[in-house]
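Have a look at the structure below before the remarks.
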2 protein chains.
Amino acid sequence: METVEHDKRKCPTHLSTEECSKTLLPVKDALDILSGKWKLQIILSLTFGKKRFKQIQREIPGLTPKMLSKELKELEINELASRHVYDTSPVTVEYELTPYGKTLKPLIGELHKWGTKHRKRIIARK
Amino acid sequence: METVEHDKRKCPTHLSTEECSKTLLPVKDALDILSGKWKLQIILSLTFGKKRFKQIQREIPGLTPKMLSKELKELEINELASRHVYDTSPVTVEYELTPYGKTLKPLIGELHKWGTKHRKRIIARK
DNA sequence: TATACCACTTTCCTAAAGTATACCGCTTTC
DNA sequence: GAAAGCGGTATACTTTAGGAAAGTGGTATA
């Protein structure tokens, strides 16, 4: 088939589709964890220590229990946060960042660094 | 009101709501630019040089012209990519990353770094 | 006995993101 | 003169993210 030569002529990229997705997959994995409206706020809240469910909710305005519950489960599945249940009168539940969760800090730092410059730029242009 | 003392007892966080959103806003700005299904793939595609519309579309499987058009416009608005129209027979249009767009590289690098470790971890756990 | 707190879950809903398909005007190639 | 490539737009649809409100089971408090 001539489509093969054709593609070679029209797509002079040195990245094959496989190489490209190989580069992108980890980036997507990282974004899956950080994107969304609440995940980062929750992670940030937990960087300051153990927190209880209602305590996190109180700290983040607008966060509903449904969302908090969902996000915490995802953080748990990804082993970024851990859940500790204490056998008290009505159960006490505490959440905390795992050591692994703390490895996100440099990444969040980069996001913050770039975001800050970008924000300045946007404001300056207006 | 006693609710004030109450809140003080229950929320011993040293971050006020304003401080917190001050930290988060730039991070959100950065994520706005990077999250979504196609933005990063397009940026990555452009890190290897100028590209034409159809060329980008061919390189990224599943990307529809509507989405590509929308995303490129957003990249342009944010001054991360530039559009060059050449006055040829049927117009030729080229897109390229601006120098500013290239400042995203370290950030994407961090995403990639963390994402790679995370991916290994997930696979190891399964 | 009524009210309130804790840690959630359930149901229903809307808005935004993304997909599918067709089309436009223009030009070169078959 | 039909088909195909270019750089898109238009329309209609589905899917996903997220929100609002109520409820659950247990306990403690007034």
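Side chains are part of it too, since the values below use all heavy atoms of this structure and drop only hydrogens, waters and symmetry mates. Chain identifiers are assigned alphabetically (A, B, ...) following the order of the sequence lines, protein sequences preceding nucleic acid strands; residue numbering begins at 1 within each chain.
In this structure, the NZ atom of B:Lys51 is 13 Å from the P atom of D:dG7, given to the nearest Å. Between A:Lys54 atom NZ and D:dA28 atom P there is a gap of 18 Å when expressed in whole angstrom units. Computed from coordinates, the B:Ile56 CD1 to D:dG7 P distance equals 9 Å when rounded to whole Å. Straight-line distance from the CG atom of B:Leu68 to the P atom of D:dG7: 10 Å, rounded to whole Å. Rounded to whole angstrom, the span from the NE2 atom of A:His84 across to the P atom of C:dC8 amounts to 13 Å. Atom CZ in B:Arg58 sits about 14 Å away from atom P in D:dG8, given to the nearest Å. A:Gln55 places its CD atom 9 Å from the P atom of C:dA7, with the value rounded to the nearest Å.
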Scoring nucleotides 9-27 of chain C by protein non-hydrogen atoms under 4.0 Å (B base, S sugar-phosphate only, - none) yields BBBB-----BBB------S

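Listed pair A:Arg52 / C:dA7 meets the phosphate criterion, a side-chain N or O lying under 4.0 Å from OP1 or OP2.
Screening residues 92-110 of chain A for salt bridge (Lys or Arg N to Asp or Glu O under 4.0 Å) gives A:Lys50-A:Glu94, A:Glu110-A:Lys113 as the qualifying pairs, with residues at least two apart or on separate chains.
Rounded to the nearest 0.5 angstrom, A:Met67 CE and A:Ile42 CD1 are separated by 10.0 Å. Atoms CD and CG, on B:Glu76 and B:Asn78 in that order, are 10.5 Å from each other to the nearest 0.5 Å.
A:Tyr86 comes within 4.0 angstrom of nothing in the nucleic acid, heavy atoms only.
When the ring pair (Phe, Tyr, Trp, His ring centres under 6.0 Å) test is applied to B:Trp114, the partners found at least two apart in sequence or on another chain are A:Tyr100, B:His118.
For the pair A:Glu59 (side chain) and A:Ile56 (backbone), a donor-acceptor distance under 3.5 Å is absent.
Grouping the Ile, Leu, Val, Met, Phe, Trp and Tyr side chains by contacts below 4.5 angstrom, directly or via other members, places A:Leu75 with A:Phe48.
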